[in-house]
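Working notes, structure below.
Being a predicted model, the structure only gives us computed values, none of them experimental.
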Amino acid sequence: GKAPPPSQGGYSGGWRSSYVYTPRTPAEMERDREIGLRGEALVYREEIERVRSLGYGNPHEQVEWVSKANAGADHDIRSIGADGGPIWIEVKATTGTDGRFDWSIAEFEKALREGSRYQLWRVYDAAGETPVAKCFENPASLIRTPAIRLEISSLRAFVEGC
């Protein structure tokens with residue numbers, strides 16, 4: 001089969017041939033990390049300009065690239081909305097144009113918690129000369145629409161005990 005394109009955070013492995021799963025090599029993981037950082041940098045710069053256009057003289061005080069210092073954070077960038085409230089941004093970058101990406105449980109739960117204050121940015125052709133960034137506001141609300149389709153391989157549920 002065809003190997004899926006890398007995404008920010010990387011796939012935990014790649015399909016090398018039909019039905020045979022092999023883990024990502026260190027070089028592939030490093031390439032995924034570089035693509036992810038490039039996508040985050042692009043969105044960070046766009047966010048700085050958006051916040052500057054809101055009238056903030058020093059937008060770097062309002063926009064924080066969280067994942068640069070904490071790769072395990074449940075979002076990549078914290079920013080500020082037009083109403084002065086916080087915005088949480090997750091960036092998923094790829095070298096191609098495929099919409100598939102890995103969304104960690106922590107990131108997904110953050111999207112559910114923050115609702116309209118959460119943005120998912122998909123950066124396509126992140127290694128190219130002209131990457132394209134697309135914003136999906138409140139992606140949790142898009143789950144029941146054709147805009148986002150979840151592929152769930154395992155789901156653990158809990159109900160009230162006796």
For [X] against [Y], the heavy-atom pair lying closest together:
| X | Y | answer |
| --- | --- | --- |
| Phe108 | Ile143 | CE1-CD1, 3.5 Å |
| Pro86 | Arg117 | O-CD, 2.7 Å |
| Ser79 | Val63 | OG-CG2, 3.5 Å |
| Ala126 | Pro131 | CA-CB, 4.0 Å |
| Ala140 | Leu112 | CB-CD2, 3.6 Å |
| Arg24 | Met29 | CB-CG, 3.7 Å |

>> Trp103 vs Leu150, test: side chain to side chain contact (heavy atoms under 4.5 Å, CB included). Steps then yes/no.
In response: CA-CA 10 Å; Trp103 205 359; Leu150 297 180; 4.3 Å; yes
>> By the definition side-chain contact (heavy atoms from CB on, under 4.5 Å), identify the one residue from Glu90, Glu46, Lys92 that meets it with Trp121.
In response: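 The option that passes is Glu46.
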> Testing Asp76, Leu120, Ile77 for side-chain contact (heavy atoms from CB on, under 4.5 Å) with Ile89, which one passes?
Replying inline: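 Passing option: Ile77.
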>> Using the rule that Ile, Leu, Val, Met, Phe, Trp and Tyr join whenever any side-chain heavy atoms are under 4.5 Å apart, tell me whether Val51 and Val66 fall into a single cluster.
In response: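 Shared cluster, no.
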>> Walk me through whether Arg50 and Ile87 qualify under side chain to side chain contact (heavy atoms under 4.5 Å, CB included).
In response: CA-CA 12 Å; Arg50 186 191 65 79; Ile87 292 177; 3.7 Å; yes
Within this structure, what is the [atom1]-[atom2] distance for the pair [X] and [Y], rounded to the nearest 0.5 Å?
| X | Y | atom1 | atom2 | answer |
| --- | --- | --- | --- | --- |
| Glu49 | Leu54 | CD | CG | 11.5 Å |
| His75 | Glu114 | NE2 | CD | 8.5 Å |
| Asp125 | Arg38 | CG | CZ | 8.5 Å |

> Side-chain contact, heavy-atom cut-off 4.5 Å: Glu47 with Val91?
Replying inline: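 No, side chains not in contact.
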>> For Lys110, is there an ion pair with Glu107 - N to carboxylate O distance below 4.0 angstrom?
In response: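 No.
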>> Please determine whether a side-chain nitrogen of the Lys or Arg among Arg31 and Glu28 lies less than 4.0 Å from a carboxylate oxygen of the Asp or Glu.
In response: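 Here Arg31 does not pair with Glu28 in a salt bridge, since their nearest N and O are not under 4.0 Å apart.
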> What pairs with Tyr44 under ring-ring contact (aromatic ring centres under 6.0 Å, His included), at least two apart in sequence or on another chain?
Replying inline: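 Partners of Tyr44 by the ring-ring contact (aromatic ring centres under 6.0 Å, His included) criterion, ordered by chain and then number, come out as Trp65.
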> Looking only at atom types and distance, does a side-chain atom of Arg78 sit under 3.5 Å from a main-chain N or O of Gln62, one as donor and one as acceptor?
Replying inline: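 Confirmed, Arg78 side chain pairs with Gln62 backbone.
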> Within the side chain of Arg122, is there an N or O that forms a donor-acceptor pair under 3.5 Å with the backbone of Lys134?
Replying inline: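 Looks like no, no N/O pair under 3.5 Å.
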